[in-house]
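When reading the values below, keep in mind they use all heavy atoms of this one structure, side chains included, and skip hydrogens, waters and symmetry mates. Bear in mind that the values here come from a model prediction, so they are computed numbers and not experimental data.
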Amino acid sequence: MTVWRYALRVGVVLACLSGVQAALAAPAHAAFSTELSGLPAEFTAGGRAETVSAVVSRSDNGGCQKVRWSMLVQVRGLGLDQVRIDRVEETGSFPVQVSTEGGATARLTDRQLDPGTLCRDRTVTAQYRVAFVGDVGEGRVTLAAEAYDVNNRLLARQTATRSVVGERAAPPAPPAPEPTAESTPESTPEPSLEPTVEAEIPVEEPVESTEPAVAEAGANRPVAQSGGFGMVHAAFLLGGLLLFLGVSLLLRLRHLIRPAAATDAAAEELSPHERWERPVSARRWRPARR
């Protein structure tokens, strides 16, 4: 009876301690939350690497604190050697510690605390570049992002599962069937609906003589181009004759004007008395004509 009494007391005490611990721990977990973003609908083996972000935030009025990230990876239908995960920050790759749990589970834990600081209105983000290689028929991968405090106490956890498929190669085009002599119908020319007109090409008869044609060609040309004496030649001849007559008249007029001008000049040099005086001939008597 005494033993049972002591056992009952110990059980009550342990139950009370467990309830107090759960009551203290529940608000702490409820104040933090983690989200995964950047996840594609499915991963493609051999494709480009996808950037997955894990974001932790808090909603209580507690102080700021540092965070350490850990990523748990579980695969089905493929091997861990076909998974490529790189923890990155703005400055480049972030050092992690990798540990495996069995042949299908691996954990990547940060060796250092995250550079960011978790506060009420400030979040901390971790980025992972995830890719798959090799020949993958159809598999699945589960990613679990976990945020821990400085004392390695779990703050929040978020899990997501996606399918992993291989590259879908385009199906080859079916070869075109080779035509055979039996199956290939002979192509028959289609009758033309347009009527055909037979054109007769006239045959030119040889020309016996070319003299009439030459004469006709000469008759159709203008007078200036024919070999005869035309109006243009007569005009040139008349113009030359008139020019000759004009030059002759000018020379004759010049010849007549020059002596008269010389006589007038000589008369002007004489005095008025000398102008009216008749010159006396040296020979007064002329010999008689016989």
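- Nearest heavy atom pair, residue R120 against residue S59, reads NH1-O, 2.6 Å.
- Residues V56 and A147 approach most closely at CG2-CB, 4.0 Å, considering heavy atoms.
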Check your understanding: Is there a side-chain contact (heavy atoms from CB on, under 4.5 Å) between E146 and L154 once you walk through the steps?
Key -> CA-CA 7 Å; E146 299 174 349; L154 180 63; 3.9 Å; yes
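- To the nearest 0.5 angstrom, S248 atom OG is 12.5 Å from L253 atom CG.
- Note that R87 lies in the cation-pi zone of F94, set by a 6.0 Å cut-off to the ring centre and a 45° limit from the axis.
- The side-chain heavy atoms of L143 and V73, taken from C-beta on, include a pair separated by under 4.5 Å.
- Closest approach of T123 and L118 over heavy atoms only: CA-CD1, 4.2 Å.
- In terms of hydrophobic clustering, with Ile, Leu, Val, Met, Phe, Trp and Tyr side chains grouped at heavy-atom distances under 4.5 Å, F32 and V55 are assigned to different clusters.
- By the 4.5 Å heavy-atom criterion applied to side chains, L72 and R157 are counted as neighbours.
- Closest heavy-atom contact between R107 and S70: NH1-OG, 3.0 Å.
- Taking each heavy atom of V165 and E42 in turn, the nearest pair found is CG2-OE2, 3.8 Å.
- No more than 12 heavy atoms of other residues, nucleotides or ligands shown are found within 6.0 angstrom of CD on E35.
- L242 and L250 are assigned to two separate hydrophobic clusters, defined by single-linkage of ILVMFWY side chains at heavy-atom distances under 4.5 Å.
- Between E50 atom CD and L39 atom CG the span is 9.0 Å, to the nearest 0.5 Å.
- Side-chain heavy atoms closer than 4.5 Å link hydrophobic residues (I, L, V, M, F, W, Y) into clusters, and following such links, possibly through other members, connects V52 to L80.
- With contacts defined as side-chain heavy-atom distances shorter than 4.5 Å, the pair R252/L256 qualifies.
- Remark: R153 CZ to Y148 OH distance equals 12.5 Å, nearest 0.5 Å.
- For the pair R84 (side chain) and R129 (backbone), a donor-acceptor distance under 3.5 Å is absent.
- Nearest approach of A145 to W69, heavy atoms of both residues: CB-CZ3, 4.4 Å.
- Judged by distance alone, the side chain of R140 and the main-chain N or O of V75 form no donor-acceptor pair under 3.5 Å.
- Of the possible donor and acceptor atoms, none in the side chain of R76 sits under 3.5 Å from a partner among the backbone N and O of V141.
- More than 12 heavy atoms of other shown residues, nucleotides or ligands fall within 6.0 angstrom of atom CD in E101.
- Without hydrogens or angle criteria, R162 side chain to F43 main chain gives no donor-acceptor distance under 3.5 Å.
- Atom CG of D81 sits in a crowded spot, with more than 12 heavy atoms from other residues, nucleotides or ligands closer than 6.0 Å.
- Under the 4.5 Å side-chain heavy-atom criterion for Ile, Leu, Val, Met, Phe, Trp and Tyr, V98 and Y128 are members of the same hydrophobic cluster.
- With rounding to the nearest 0.5 Å, the separation of CD1 in I85 from CZ in F132 is 6.5 Å.
- Separation of atoms NZ (K66) and CG (D149) is listed at 13.5 Å; rounding is to 0.5 Å.
- Of the inter-residue distances, the one linking L155 atom CG with N152 atom CG reads 10.0 Å to the nearest 0.5 angstrom.
- Counting only heavy atoms from C-beta outward, the side chains of P95 and Q112 approach each other to under 4.5 Å.
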Practice item. Any chance you could lay out the side-chain contact (heavy atoms from CB on, under 4.5 Å) test for D114 and E89, step after step, and finish with the verdict? Key: CA-CA 9 Å; D114 192 275; E89 284 289 338; 3.3 Å; yes
